[in-house]
Amino acid sequence: MDYEKLAELAKRCGFTAWVPLDVSTLEVKQAVRDMCADNTCGAYEKRWSCPPGCGTLEECAERLKRYSYGILVQTCGDVEDGFDFEAMMEIEADHKSHLQEMYAALRRTGEDVLALGAGCCTQCRECTYPDAPCRFPDRAVASMEAYGLLVLEVCKANGLQYYYGSDKMAYNSCFLL
Ligand code: SF4
(Lines give C-alpha, C1' and ligand atoms only; values in the text may rest on other atoms or scores of the structure.)
Protein backbone atom coordinates (compact mmCIF):
# COMPACT_ATOMS: atom_id res chain seq x y z
CA MET A 1 0.00 0.00 0.00
CA ASP A 2 1.45 3.39 -0.91
CA TYR A 3 1.73 6.29 1.52
CA GLU A 4 -1.26 8.21 0.07
CA LYS A 5 -3.52 5.24 0.79
CA LEU A 6 -2.05 4.89 4.28
CA ALA A 7 -2.72 8.58 4.93
CA GLU A 8 -6.33 8.25 3.69
CA LEU A 9 -6.82 5.29 6.00
CA ALA A 10 -5.33 7.18 8.96
CA LYS A 11 -7.79 10.02 8.34
CA ARG A 12 -10.73 7.64 8.03
CA CYS A 13 -9.78 5.89 11.28
CA GLY A 14 -9.92 9.17 13.22
CA PHE A 15 -6.28 10.15 13.74
CA THR A 16 -5.73 13.91 13.90
CA ALA A 17 -2.26 13.95 12.29
CA TRP A 18 0.04 11.62 10.34
CA VAL A 19 3.36 11.79 8.52
CA PRO A 20 5.49 9.34 6.53
CA LEU A 21 7.82 7.42 8.82
CA ASP A 22 11.40 7.01 7.63
CA VAL A 23 12.43 3.68 9.16
CA SER A 24 16.09 4.74 9.19
CA THR A 25 15.16 7.15 12.02
CA LEU A 26 14.14 4.28 14.31
CA GLU A 27 16.90 3.88 16.83
CA VAL A 28 16.37 1.41 19.66
CA LYS A 29 17.83 2.58 22.96
CA GLN A 30 18.63 0.62 26.08
CA ALA A 31 17.90 3.75 28.14
CA VAL A 32 14.25 3.68 27.00
CA ARG A 33 13.92 0.02 27.99
CA ASP A 34 15.48 0.89 31.32
CA MET A 35 12.65 3.42 31.82
CA CYS A 36 10.17 0.55 31.24
CA ALA A 37 11.99 -1.44 33.92
CA ASP A 38 11.34 1.40 36.39
CA ASN A 39 7.73 0.24 36.05
CA THR A 40 6.06 3.60 36.63
CA CYS A 41 3.13 2.39 34.47
CA GLY A 42 2.83 -0.90 36.37
CA ALA A 43 2.87 -3.02 33.17
CA TYR A 44 6.50 -4.20 33.25
CA GLU A 45 6.61 -8.02 33.43
CA LYS A 46 2.81 -8.03 33.37
CA ARG A 47 1.88 -8.15 29.65
CA TRP A 48 3.15 -9.88 26.52
CA SER A 49 3.23 -6.46 24.88
CA CYS A 50 5.75 -5.10 27.40
CA PRO A 51 9.33 -5.96 28.33
CA PRO A 52 10.44 -8.63 28.85
CA GLY A 53 7.45 -10.36 27.17
CA CYS A 54 7.83 -8.46 23.88
CA GLY A 55 11.39 -9.79 23.42
CA THR A 56 14.85 -8.47 24.06
CA LEU A 57 15.92 -5.12 22.68
CA GLU A 58 18.02 -6.98 20.10
CA GLU A 59 15.02 -9.05 19.00
CA CYS A 60 12.91 -5.89 18.69
CA ALA A 61 15.66 -4.23 16.63
CA GLU A 62 15.80 -7.28 14.32
CA ARG A 63 12.02 -7.20 13.89
CA LEU A 64 12.13 -3.50 12.95
CA LYS A 65 14.67 -4.25 10.21
CA ARG A 66 12.07 -6.32 8.34
CA TYR A 67 10.15 -3.19 7.37
CA SER A 68 11.02 -0.63 4.75
CA TYR A 69 8.52 2.20 5.26
CA GLY A 70 5.76 3.33 7.56
CA ILE A 71 3.44 5.98 8.88
CA LEU A 72 3.47 7.82 12.18
CA VAL A 73 -0.03 8.56 13.46
CA GLN A 74 -1.28 10.82 16.21
CA THR A 75 -4.44 11.63 18.14
CA CYS A 76 -4.44 15.03 19.81
CA GLY A 77 -7.19 16.35 22.07
CA ASP A 78 -8.04 19.04 24.61
CA VAL A 79 -7.18 18.85 28.30
CA GLU A 80 -7.80 21.47 30.99
CA ASP A 81 -4.23 21.19 32.30
CA GLY A 82 -1.50 18.65 33.05
CA PHE A 83 -3.66 17.10 35.81
CA ASP A 84 -6.75 16.46 33.68
CA PHE A 85 -6.26 12.70 33.77
CA GLU A 86 -9.85 11.96 32.81
CA ALA A 87 -9.49 13.80 29.49
CA MET A 88 -6.05 12.22 28.92
CA MET A 89 -7.49 8.73 29.42
CA GLU A 90 -10.30 9.51 26.97
CA ILE A 91 -7.86 10.72 24.31
CA GLU A 92 -5.68 7.65 24.90
CA ALA A 93 -8.71 5.34 24.56
CA ASP A 94 -9.72 7.10 21.33
CA HIS A 95 -6.16 6.76 20.02
CA LYS A 96 -6.09 3.04 20.80
CA SER A 97 -9.43 2.59 19.09
CA HIS A 98 -8.16 4.41 15.96
CA LEU A 99 -5.04 2.24 16.06
CA GLN A 100 -6.99 -1.03 16.24
CA GLU A 101 -9.30 0.06 13.41
CA MET A 102 -6.38 0.89 11.14
CA TYR A 103 -4.42 -2.21 12.19
CA ALA A 104 -7.40 -4.45 11.33
CA ALA A 105 -7.84 -2.72 7.96
CA LEU A 106 -4.14 -3.18 7.13
CA ARG A 107 -4.18 -6.85 8.15
CA ARG A 108 -7.16 -7.43 5.87
CA THR A 109 -5.04 -6.29 2.90
CA GLY A 110 -2.61 -9.14 3.60
CA GLU A 111 0.29 -6.70 4.19
CA ASP A 112 3.01 -7.73 6.64
CA VAL A 113 2.44 -4.92 9.13
CA LEU A 114 3.82 -4.15 12.57
CA ALA A 115 1.87 -1.74 14.78
CA LEU A 116 3.59 -0.04 17.68
CA GLY A 117 1.32 1.88 20.00
CA ALA A 118 1.13 4.20 22.97
CA GLY A 119 1.07 2.39 26.31
CA CYS A 120 0.65 -1.30 26.94
CA CYS A 121 -1.77 -3.66 25.23
CA THR A 122 -5.20 -3.33 26.83
CA GLN A 123 -7.08 -5.93 24.79
CA CYS A 124 -7.68 -8.06 27.89
CA ARG A 125 -8.35 -6.89 31.42
CA GLU A 126 -5.99 -9.63 32.67
CA CYS A 127 -3.10 -10.56 30.38
CA THR A 128 -2.15 -14.24 30.16
CA TYR A 129 1.54 -13.35 30.65
CA PRO A 130 3.57 -15.41 31.48
CA ASP A 131 1.46 -18.52 32.04
CA ALA A 132 -0.25 -18.98 28.66
CA PRO A 133 0.14 -17.67 25.10
CA CYS A 134 -1.33 -14.31 24.17
CA ARG A 135 -5.09 -14.61 23.51
CA PHE A 136 -5.12 -12.21 20.55
CA PRO A 137 -1.64 -12.16 18.95
CA ASP A 138 -3.02 -10.39 15.86
CA ARG A 139 -4.46 -7.57 17.97
CA ALA A 140 -1.80 -7.26 20.70
CA VAL A 141 0.27 -4.10 20.22
CA ALA A 142 3.54 -3.31 21.98
CA SER A 143 4.35 0.30 22.69
CA MET A 144 7.00 2.24 20.80
CA GLU A 145 8.83 2.56 24.13
CA ALA A 146 8.77 -1.23 24.62
CA TYR A 147 10.79 -1.39 21.38
CA GLY A 148 13.28 1.07 22.85
CA LEU A 149 12.08 4.01 20.75
CA LEU A 150 12.07 7.52 22.17
CA VAL A 151 8.79 8.85 20.77
CA LEU A 152 9.79 12.51 21.01
CA GLU A 153 12.87 11.83 18.88
CA VAL A 154 10.95 9.76 16.34
CA CYS A 155 8.36 12.55 15.97
CA LYS A 156 11.08 15.19 15.65
CA ALA A 157 13.05 13.19 13.08
CA ASN A 158 9.93 12.71 10.94
CA GLY A 159 8.46 16.21 11.26
CA LEU A 160 5.46 15.41 13.47
CA GLN A 161 4.65 18.00 16.14
CA TYR A 162 4.85 16.41 19.59
CA TYR A 163 3.89 19.15 22.04
CA TYR A 164 0.90 21.45 21.42
CA GLY A 165 0.82 23.35 24.71
CA SER A 166 -0.48 22.65 28.21
CA ASP A 167 -4.12 22.47 27.07
CA LYS A 168 -3.52 19.65 24.56
CA MET A 169 -2.39 16.06 24.81
CA ALA A 170 -1.14 13.99 21.90
CA TYR A 171 -0.67 10.20 21.68
CA ASN A 172 1.54 8.75 18.98
CA SER A 173 1.86 5.34 17.33
CA CYS A 174 3.18 3.93 14.10
CA PHE A 175 2.70 1.25 11.50
CA LEU A 176 5.61 -0.35 9.71
CA LEU A 177 5.22 -2.14 6.39
S1 SF4 B 1 -4.03 -9.46 23.74
FE2 SF4 B 1 -4.50 -9.97 25.88
S3 SF4 B 1 -3.12 -11.72 26.29
FE4 SF4 B 1 -2.30 -10.68 24.45
S5 SF4 B 1 -0.79 -9.16 25.20
FE6 SF4 B 1 -2.77 -8.11 25.03
S7 SF4 B 1 -3.63 -8.23 27.08
FE8 SF4 B 1 -2.04 -9.83 26.94
Side-chain angles (χ1 to χ4, degrees), residues 1 6 9-10 12-16 18 21 23 26-67 70-77 85-151 154-155 169-177:
M1 183 179 289
L6 281 175
L9 186 56
R12 212 162 58 233
C13 292
F15 292 110
T16 56
W18 47 87
L21 173 59
V23 293
L26 299 177
E27 196 186 327
V28 303
K29 293 178 190 260
Q30 186 58 48
V32 179
R33 288 283 284 232
D34 292 345
M35 284 191 264
C36 284
D38 289 343
N39 202 20
T40 48
C41 68
Y44 187 75
E45 288 183 318
K46 297 275 189 313
R47 301 211 164 228
W48 287 111
S49 61
C50 297
C54 64
T56 64
L57 192 62
E58 292 71 27
E59 286 166 341
C60 290
E62 278 307 307
R63 243 173 262 149
L64 292 176
K65 281 187 199 156
R66 289 197 351 226
Y67 300 93
I71 184 168
L72 197 51
V73 289
Q74 183 179 77
T75 307
C76 183
F85 299 115
E86 198 179 324
M88 286 178 204
M89 282 167 64
E90 274 178 29
I91 302 163
E92 184 182 6
D94 283 348
H95 181 70
K96 285 188 164 174
S97 158
H98 303 154
L99 187 79
Q100 283 296 333
E101 189 179 337
M102 183 154 169
Y103 195 18
L106 288 172
R107 286 198 311 271
R108 282 196 297 272
T109 67
E111 295 267 10
D112 176 12
V113 57
L114 175 69
L116 295 177
C120 69
C121 175
T122 48
Q123 289 292 304
C124 315
R125 189 182 293 268
E126 291 278 330
C127 187
T128 54
Y129 183 85
D131 303 317
C134 171
R135 287 188 194 97
F136 307 112
D138 54 340
R139 279 192 256 152
V141 175
S143 67
M144 292 177 71
E145 288 88 349
Y147 269 58
L149 302 172
L150 196 56
V151 180
V154 176
C155 287
M169 177 59 73
Y171 291 87
N172 305 282
S173 297
C174 64
F175 294 97
L176 300 179
L177 296 102

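Start at 1 and go down the list; that is how both ligands and their atoms are numbered.
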Enquirer: Which ring-ring contact (aromatic ring centres under 6.0 Å, His included) pairs, counting each pair once, include a residue from residues 114-142, with sequence neighbours left out?
Expert: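 Those involving residues 114-142 are Trp48-Tyr129.
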Enquirer: Can you tell me if CD on Gln30 sees more than 12 non-hydrogen neighbours from other groups inside 6.0 Å?
Expert: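 Result for CD/Gln30: enclosed.
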Enquirer: Apply salt bridge (charged side-chain N to carboxylate O under 4.0 Å, His left out) to Arg66 and list each qualifying residue two or more places apart in sequence or on a separate chain.
Expert: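 If we apply the salt bridge (charged side-chain N to carboxylate O under 4.0 Å, His left out) test to Arg66, skipping adjacent residues, the hits are Asp112.
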Enquirer: For atom 4 (Fe) of ligand 1, report each protein N, O or S atom nearer than 2.8 Å, sorted by chain and then by residue number.
Expert: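 Less than 2.8 Å away from atom 4 (Fe) of ligand 1 sit Cys134 SG.
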Enquirer: Can you sort out the partners of Glu45 under salt bridge (charged side-chain N to carboxylate O under 4.0 Å, His left out), two or more places apart, ordered by chain and number?
Expert: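 If we apply the salt bridge (charged side-chain N to carboxylate O under 4.0 Å, His left out) test to Glu45, skipping adjacent residues, there are no hits.
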Enquirer: Which atoms form the tightest heavy-atom contact between Gly55 and Cys60, and what is the distance?
Expert: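 Between these two residues, the closest heavy atoms are O-SG, 4.1 Å.
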Enquirer: Among Glu145, Met35, Met144, which residue satisfies the side-chain contact (heavy atoms from CB on, under 4.5 Å) criterion with Leu150?
Expert: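 Passing option: Met35.
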